[in-house]
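Proteins come first, then strands; the chains are lettered A, B, ... in the order of their sequence lines, and each starts at number 1.
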Amino acid sequence: MNDKDRVREIVDSLTPSERTVLKTVLKMYQEQNHVQGRHLTDEIVSEIKRVVK
Amino acid sequence: MKLIRIVLSNFRQYKGEVCLDFAHSDDKPITFLFGANGSGKTTLLNACRWALYGTLSEDVEGRDSLIHNTVWSDSEDGSIVGCYVELTFEHAGSQYIARRTVETTKSGVQRSLPQKLTVTEIDEFGNSNLLIAPEAKIDSIMPAKLADFFFFNGERIERLVQPDAYKEVETSIKRMLGIEYMEAGEKGLKDVVARLTRDFSKLAGNDTEQLTAQLESEREKEEALIAEIGLEKKNLSAFDAELDHVQAALVSNEVTRELSLQRKDVEASVLRLKTERVELSARKSRRIAESGFAFTGALCANFGKLAEGMIAAGQLPHGIQQSFLEGLLDQGECICGSDLREHAEARAQVESKRDSAGVPEVQGTWMDLRGHLSLLADKRSQLRDDLADLTERISGAYSSLREQQELLTELNRKLGTTEGDSVQGLETRRQELLRDVASTNGSLGLHQRDLEATRSRISSISNQIDHAVVQGQQATLAQQRLQCASKVRDALQKILSVRTESARQTLDEKIREIFGKITIKDYHPVLDDDFHLELFQETAHGRIRVARSTGENQILSLSFIAAVLDYASEKERDSVNDPLGLTTGGRFPIVMDAAFGSLDENYQREVARALRSLAPQIVVMVSKSQGMGTVYDELENSIGSLGVIVAYTTNSDDKQETIGLKGYEYTYIVSDSADNRADIQEVR
């Protein structure tokens, strides 16, 4: 099994809400990777509160 | 990213406006520039770096003198003076013009001056847009930390494979492959889980609060252990590198050369024998664990005897199927021809057999059991032979190990008592380093075990918190949010581990393949779990680490860069089907100065041959002596842009020189010039 399939398997094991949080977190950090020292904790907590209610 | 054009205006040696169009077609992607030493090759390389990041490589002297010396000195105090570099490149369908400018009112000598960067993006439809965050854009296209990978001086490139650069290299690879921000995301989620755990514990009651306190304390311990392990690994790399230097110094000394080389072989042999002994012992243990049951010989024999007795007494079925006997009875005739019709004598015997044959399931199981019992005897005999063989080999390895260790002690004694201050000093340092390595390895092992145990406790406590029975809507919701964050963090940890290991494995294979194409020596590069790049050689005594020469380090570094670029390009193509919907990797050019500096002619040829496949776009700058002949001949068919960096020098002692290219003579060095400057002459 190649790494892409293994990643897909891990992603598929999540619920839709968890998947949304995972993708949002990765996107946040990918887009902000050049901004030093920025804490995205608050934004992730808000995202979790948005999808789990 | 594809370089299109560079314009330098009064930038260091380049006086006035000097322009170069880079080759960027797929079939001829090489820009090849000849330039004498000191002509401006390194400045051109640095102009690319400076335009993008505002930095110069570490080997540049007079870093504050960005404006051409004569332009500066000819300007009057109080007048506006400046320079700029404008780099045009394409990326992801858009064209970018990055222009970095320095402008100041002249006063005295040149000092560090404020710079200004502007980046204009021209999209695929021709719309032009001046970016408001140009640095951020550049960094997102080609991160500054990766500059050393793309703009490098060949003579200094071996720095990339030195232990002090390992961490930087690992970070750079991770950044290029998009692993770095996953790590940042994972760290962010750790903080999120910690915060949600605290929120939840406040709502859930005392027990959970106590668990949360425990969890936080374990996490602090985990962080401290990770830092400690990182430091120990770094120290081990430094010790290994210094040991290599000490060994090389002992080998280069005529008095100690032979003994040192012999000791190196014996050390490799000791290491191999130790590994062999451990492996053999482990294999013996596994063999006993897997097949030790076969030694229950007496039990099997007793069971077999008892079973045969039961068969004879008709208490256990024979090996004939009940259904088969019923078939014979229905047929009225045995396969031997005996009469089995009603009232026949033989029929009564077959009926008796049929009754003792039992139900088919019992029959099947019994047949299986009888078969296995006979096999067990064979297995027992095989196991006995195997264990005898393994025991003999372990004992052999142990004896050889003792012999080699005695020999090593003797060699250490001889070298330790060899006269000469430098030898004594090297030997003492060597012993100190070996002690440091042993002690660091010991504490590293302890910390790693401690980390494993801490993580196991963290996992157990987190699990208890996640699954604590709670009451109340708010507490339930808080617990659900915590569970969500925990699961996402766990998933990201797994993804990170898959991606990191896959990147390391792929790069390891690619480096080996590229390195093997360039060098004729039987060396094997290995990128280990910590992204440390080492070179090994297979010897009669097993695999030993090679103390690398400058040339080998250059080739190793080139192979490494090529492997990283190739993998980054593969990842970009692969991003289309990424399960996380992320784009990673990319296509990047290489700009290299003095790429063939320390290489002999064979290596020059091999590197030149490999160069074409190193990157999608390459800019090569060489002196006439380095590049003319072998290198140029090998690359000629892939050169899309050929030029000469002409050196103008005020020195009348320098010889005027030309260079013959494509049947014409081009100016190479102009002596006795009005000022020192560089110009680029395109060869058509």
Side-chain angles (χ1 to χ4, degrees), chain A, chain B residues 133 135-141 143-145 175 178 180-196 199 477-503 505-506 574-575 577-584:
Chain A
M1 197 188 280
N2 64 28
D3 66 320
K4 201 187 288 179
D5 291 336
R6 285 164 69 197
V7 170
R8 185 167 288 121
E9 203 175 74
I10 296 166
V11 175
D12 289 348
S13 73
L14 299 173
T15 64
S17 305
E18 290 159 354
R19 217 172 295 159
T20 306
V21 174
L22 174 67
K23 289 188 178 181
T24 310
V25 168
L26 287 174
K27 215 155 189 63
M28 276 180 196
Y29 279 91
Q30 188 183 31
E31 283 166 5
Q32 303 296 333
N33 69 348
H34 50 272
V35 180
Q36 298 296 318
R38 178 162 177 194
H39 296 292
L40 298 174
T41 315
D42 293 341
E43 288 175 43
I44 302 174
V45 170
S46 303
E47 174 67 3
I48 291 173
K49 286 183 177 170
R50 189 184 69 79
V51 296
V52 183
K53 56 188 175 189
Chain B
E135 278 92 359
K137 186 67 197 178
I138 298 280
D139 206 54
S140 72
I141 294 173
K145 276 190 185 170
R175 177 166 280 214
E180 197 190 28
Y181 66 79
M182 284 194 187
E183 283 180 335
E186 196 265 336
K187 204 166 172 292
L189 275 166
K190 221 181 212 176
D191 295 341
V192 168
V193 170
R195 188 195 290 186
L196 291 177
D199 290 352
L477 191 57
Q479 189 178 36
Q480 283 168 351
R481 285 170 178 164
L482 173 60
Q483 284 167 344
C484 172
S486 300
K487 267 193 84 181
V488 173
R489 192 201 56 199
D490 289 349
L492 190 51
Q493 271 174 347
K494 285 182 196 159
I495 292 168
L496 200 49
S497 155
V498 168
R499 286 267 160 100
T500 307
E501 183 47 20
S502 164
Q505 266 182 15
T506 312
D574 239 21
S575 292
N577 305 315
D578 187 77
L580 297 165
L582 299 169
T583 309
T584 53

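- Counted within 6.0 Å of CD on A:Glu9, heavy atoms from surrounding residues, nucleotides or ligands total 12 or fewer; the atom is thus considered open.
- Rounding to the nearest 0.5 angstrom, the gap separating the SG atom in B:Cys484 from the CD atom in A:Glu47 is 9.0 Å.
- Scanning for side-chain contact (heavy atoms from CB on, under 4.5 Å) contacts around B:Ala478 gives B:Phe200, B:Leu203, with sequence neighbours left out.
- Contact annotation for residues 15-22 of chain A against chain B (heavy-atom separation below 4.5 Å, listed by residue number): A:Glu18, A:Val21, A:Leu22.
- Under a cut-off of 6.0 angstrom, the local environment of NZ in A:Lys4 is crowded, with over 12 non-hydrogen atoms contributed by other residues, nucleotides or ligands.
- The most heavy-atom pairs under 4.5 Å with chain A, out of B:Gln505, B:Glu501, B:Lys487, come from B:Lys487.
- In this structure, chain A has heavy atoms under 4.5 Å from both the backbone and the side chain of B:Ile495.
- Pairing each heavy atom of B:Gln480 with each of A:Val52, the nearest pair is CB-CG1, 3.8 Å.
- Contact annotation for A:Asp42: both backbone and side-chain heavy atoms come within less than 4.5 Å of a heavy atom of chain B.
- Not counting sequence neighbours, the partners of B:Gln493 by the side-chain contact (heavy atoms from CB on, under 4.5 Å) test are B:Glu186, B:Arg489, B:Asp490.
- A distance of 9.0 Å separates NZ of B:Lys187 from OG1 of A:Thr41, quoted to the nearest 0.5 Å.
- Residues satisfying the side-chain hydrogen bond (donor to acceptor under 3.5 Å, both in side chains) criterion with B:Ser502, sequence neighbours excluded, are A:Asp3.
- The minimum heavy-atom distance linking A:Tyr29 with B:Gly188 is given by the pair OH-CA, 3.4 Å.
- The backbone N or O of A:Ile48 lies less than 3.5 Å from no partner atom in the side chain of B:Arg481, so there is not a single donor-acceptor pair.
- For the options A:Asn2, A:Val51, A:Val11, A:Ile44, heavy-atom pairs under 4.5 Å to chain B are most numerous at A:Ile44.
- Contact annotation for A:Arg6: only side-chain heavy atoms (C-beta onward) come within less than 4.5 Å of a heavy atom of chain B.
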